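Here's the structure, in structure tokens; my notes come after.
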Number of protein chains: 2
Amino acid sequence: MQRTPYRRPGPGTRPFSHRLAQESGLASIKDVAQRAGVSTTTVSRVLTTPGAVRAPLRERVEQAIADLGYRPNLAARRLRQRRASIVGLIVSDIRSPFFTDVGRAVEDVAYRNGLRLILCNSDENPAKEQSYLELMADEQASGVILSPTMEGLRRLRPGDWPFPLVLVDRALESSRVDRVVLDNHAAARRATEHLLQSGYRRIALLAGIHSTTGQQRHAGYADALAAHGLAPRPLWLDPTRDAGQRATAQCLAAPPAERPDALLATNGLLLLGALQAVQAAGLRTPQDIGIAGFDNNDWTALPALDVTTIAQPTYDIGRTAAELLLQRMQDPARPARRVVLEGELVARGSSARS
Amino acid sequence: MQRTPYRRPGPGTRPFSHRLAQESGLASIKDVAQRAGVSTTTVSRVLTTPGAVRAPLRERVEQAIADLGYRPNLAARRLRQRRASIVGLIVSDIRSPFFTDVGRAVEDVAYRNGLRLILCNSDENPAKEQSYLELMADEQASGVILSPTMEGLRRLRPGDWPFPLVLVDRALESSRVDRVVLDNHAAARRATEHLLQSGYRRIALLAGIHSTTGQQRHAGYADALAAHGLAPRPLWLDPTRDAGQRATAQCLAAPPAERPDALLATNGLLLLGALQAVQAAGLRTPQDIGIAGFDNNDWTALPALDVTTIAQPTYDIGRTAAELLLQRMQDPARPARRVVLEGELVARGSSARS
DNA sequence: GTGAAAGCGCTAACAC
DNA sequence: GTGTTAGCGCTTTCAC
């Protein structure tokens, strides 16, 4: 592929290249060395090892770098160092607001630390997830942040991959890997108790079927109900709006005495679907039916909806995961950490019957 | 940094490495060549040039590759080829649903074509945008998809960068660069005409101040009003929910005869803010005030909101941008293309007064 | 503290 | 069609 000759962009943003090396049009470390009258070793040291080169020489090198508009070739550096300053983020779908926030946080931390973020969507497909992990190995990534599929999680062994791995959102209790997760059990229990306090008794759960979080949230929900001698009514669903809507509509079609008097959705999409069905059925919250759900998405606060939610510290989750990764990169030997963050119940009108 | 020895993950997913090369623990092309009894050139050809090596030899090489679990070193390949299979996506903030969708589409296309997606958030900061573009140059990216800041757009010249560039969402009429944009003028005009048809006359516009899209949408809105002899009432705002909410609340505080009878928001966040303020003021749509806005976010369809929107083909925009980039990579000489996609008016209850 | 020299893993001329 | 050889740009021993 043909390449236009490289020019520092923008007028005066940075010094122009006065001289160009080789056919590539780019100055190399050799050109810098030559211009500064030193060896390439010295240039390299100025670039990578602070304090290794004495001031007068260092300044000459820095001048040459500036004059030539030199920029190090990352491919060469990586080939030599056998490691790329790249972080992979593998999630099921970046369009999920939860992962969007996480991704943004990870990118912020990565950028501040001179790392690039490669984004990967696994679509809950273990094969695609595997393929992306292999890609990251090929890239010699410095680390990967992964929200694993159920199968991927089951299959995962420490040492499988040549890079440190941090799990987000989904993990097994037992796994000996760095990870940052929500206290799903407590959050779901808290939300369920809140609905119980509001006087609801026939509380149905819309739970995502593909993730450990769905299971853990189900457990918290079931425990809260059990403490009141009530039976759980879980609906295991694809975590999509449509699935939530269809399941809810079906629920609501039951005779009034049997149908649930409240709904708890384990993620934002299911919550949206549930609301859609409830409103389409002409039911009002909180009188006719109570509603609460995970993910405090911005629209839930609209007065016309006023939906009770569990707010997840999404940005914090991503930031913490990235920080764990950085720490692990610095100290590969340290014991695995499990960071558990708390969800916050945001009680709003949709569950305020009492 | 210490590295655990590389092992193909998962039992039986792919053949294990039987032999390990050098200290790195990874088989190199040399090991493959040796095992197959050929030169490294032949191995390289098997890897990169289909049909260049005859069947018997090729099969021997492929067997050796499988036996050793060989994977090519991308850094070495890039160093040699002076080009990385990397695509950069630079947007203001991936958390904006518009860019989330675009990003997802770009990643899909990239993955199918063996390209990695590096994600960058510029935060509307021209310096950060510039820094990311330089990063992409350092990465020897194959191409970049950019939603530029206003200043970045003004500064941009063809040939500035050593990679093909495709603009999304924001571009100047004149710029001679591949780009895919919405017909903002037509979309805003259409939405405004729709509000006029519903009988609204004092239509205020909440317009994002940082982007060309805001300006173009303002022009479409103003033209529609002018055709009816009406004066535009633009509010130029930071494109955030809070700004939209504050500005709307202030608007609504005016005496009834002066305050707008309809609001048009030029993006999803401003629309959300406007709704928040309208509902908080106890006003009903469409009776007390009409509402319409850009970005057909999923929550806008909820019966309790039922907001009229302009749906942007967000995924298509991203997909098209990625495809333009691929085509440009194959043919650097071809003339720049400008793809204009149409928004679709989704008329709902919030504007149905007539 | 600085330089000379080797080599990371791969591909692309160029020979045969 | 296949092999030999050089070298991409950088870092890292190892001398001095």
Side-chain angles (χ1 to χ4, degrees), chain A residues 1 3 6 20-61 64-65 68-85 137-140 162, chain B residues 1 3 6 20-61 64-65 68-85 137-140 162:
Chain A
M1 181 175 157
R3 290 184 54 184
Y6 186 68
L20 302 176
Q22 317 274 15
E23 341 75 72
S24 80
L26 276 159
S28 81
I29 200 171
K30 223 168 166 175
D31 303 304
V32 175
Q34 201 170 329
R35 185 179 180 98
V38 298
S39 73
T40 60
T41 314
T42 302
V43 178
S44 175
R45 280 203 265 258
V46 169
L47 256 30
T48 59
T49 322
V53 177
R54 265 204 279 268
L57 212 53
R58 195 188 60 233
E59 280 154 17
R60 241 166 62 210
V61 171
I65 288 175
L68 297 173
Y70 166 79
R71 312 225 53 176
N73 180 315
L74 297 181
R77 187 174 271 181
R78 284 170 189 168
L79 174 57
R80 191 55 237 240
Q81 299 190 145
R82 313 167 144 282
R83 166 120 278 133
S85 4
D138 294 349
E139 291 285 351
Q140 300 177 282
Chain B
M1 182 175 157
R3 291 184 54 185
Y6 186 67
L20 302 176
Q22 316 274 13
E23 341 76 70
S24 81
L26 276 158
S28 81
I29 201 172
K30 223 168 169 177
D31 302 303
V32 175
Q34 201 170 329
R35 185 181 179 97
V38 299
S39 73
T40 59
T41 313
T42 302
V43 179
S44 174
R45 281 202 265 258
V46 169
L47 256 32
T48 58
T49 321
V53 177
R54 266 204 279 265
L57 211 53
R58 194 187 62 233
E59 281 153 17
R60 241 167 59 211
V61 171
I65 287 173
L68 297 175
Y70 165 79
R71 311 226 56 177
N73 180 312
L74 297 182
R77 188 173 270 181
R78 285 171 187 166
L79 174 58
R80 189 60 237 232
Q81 300 190 145
R82 314 168 142 278
R83 165 122 278 132
S85 4
D138 294 348
E139 291 285 351
Q140 298 177 284

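Within every chain, numbering begins at 1; the chains are lettered A, B, ... in the order of the sequence lines, protein sequences first and strands thereafter. The shown structure was predicted, so the numbers you read here are calculated from the model rather than taken from an experiment.
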Mind calculating the distance between [atom1] ([X]) and [atom2] ([N]) to the nearest angstrom?
X	N	atom1	atom2	value
A:Ile65	D:dC10	CD1	C1'	13 Å
A:Leu26	D:dG9	CG	P	8 Å
B:Gln140	D:dG9	CD	P	9 Å
B:Arg82	D:dG7	CZ	P	13 Å
B:Leu79	D:dT11	CG	P	12 Å
B:Gln34	C:dG9	CD	C1'	15 Å

Under 4.0 Å protein heavy-atom contacts per nucleotide of nucleotides 10-16 of chain C, with B for base, S for backbone only and - for none: BBBB---
Of all heavy-atom pairs between [X] and [Y], which one has the smallest distance, and what is that distance?
X	Y	answer
B:Ile29	B:Thr40	CD1-O, 3.8 Å
B:Pro162	B:Arg83	O-NH2, 3.3 Å
B:Arg78	B:Ser85	NE-N, 4.0 Å
B:Val32	B:Ile65	CG1-CG1, 3.6 Å
B:Ala36	B:Arg60	O-NH2, 2.8 Å
B:Ala76	A:Leu79	CB-CD1, 3.7 Å

CD on A:Gln34 to OG on A:Ser28, rounded to 0.5 Å: 9.0 Å
For DNA chain D, the residues among residues 53-61 of chain A that have a non-hydrogen atom under 4.0 Å from it: none
Using the test side chain to side chain contact (heavy atoms under 4.5 Å, CB included), find all partners of B:Arg77 that sit at least two apart in sequence or belong to another chain. B:Leu47, B:Thr48, B:Pro72, B:Leu74, B:Gln81
D:dG3 phosphate, OP1 or OP2, under 4.0 Å from B:Thr42 side-chain N/O: yes
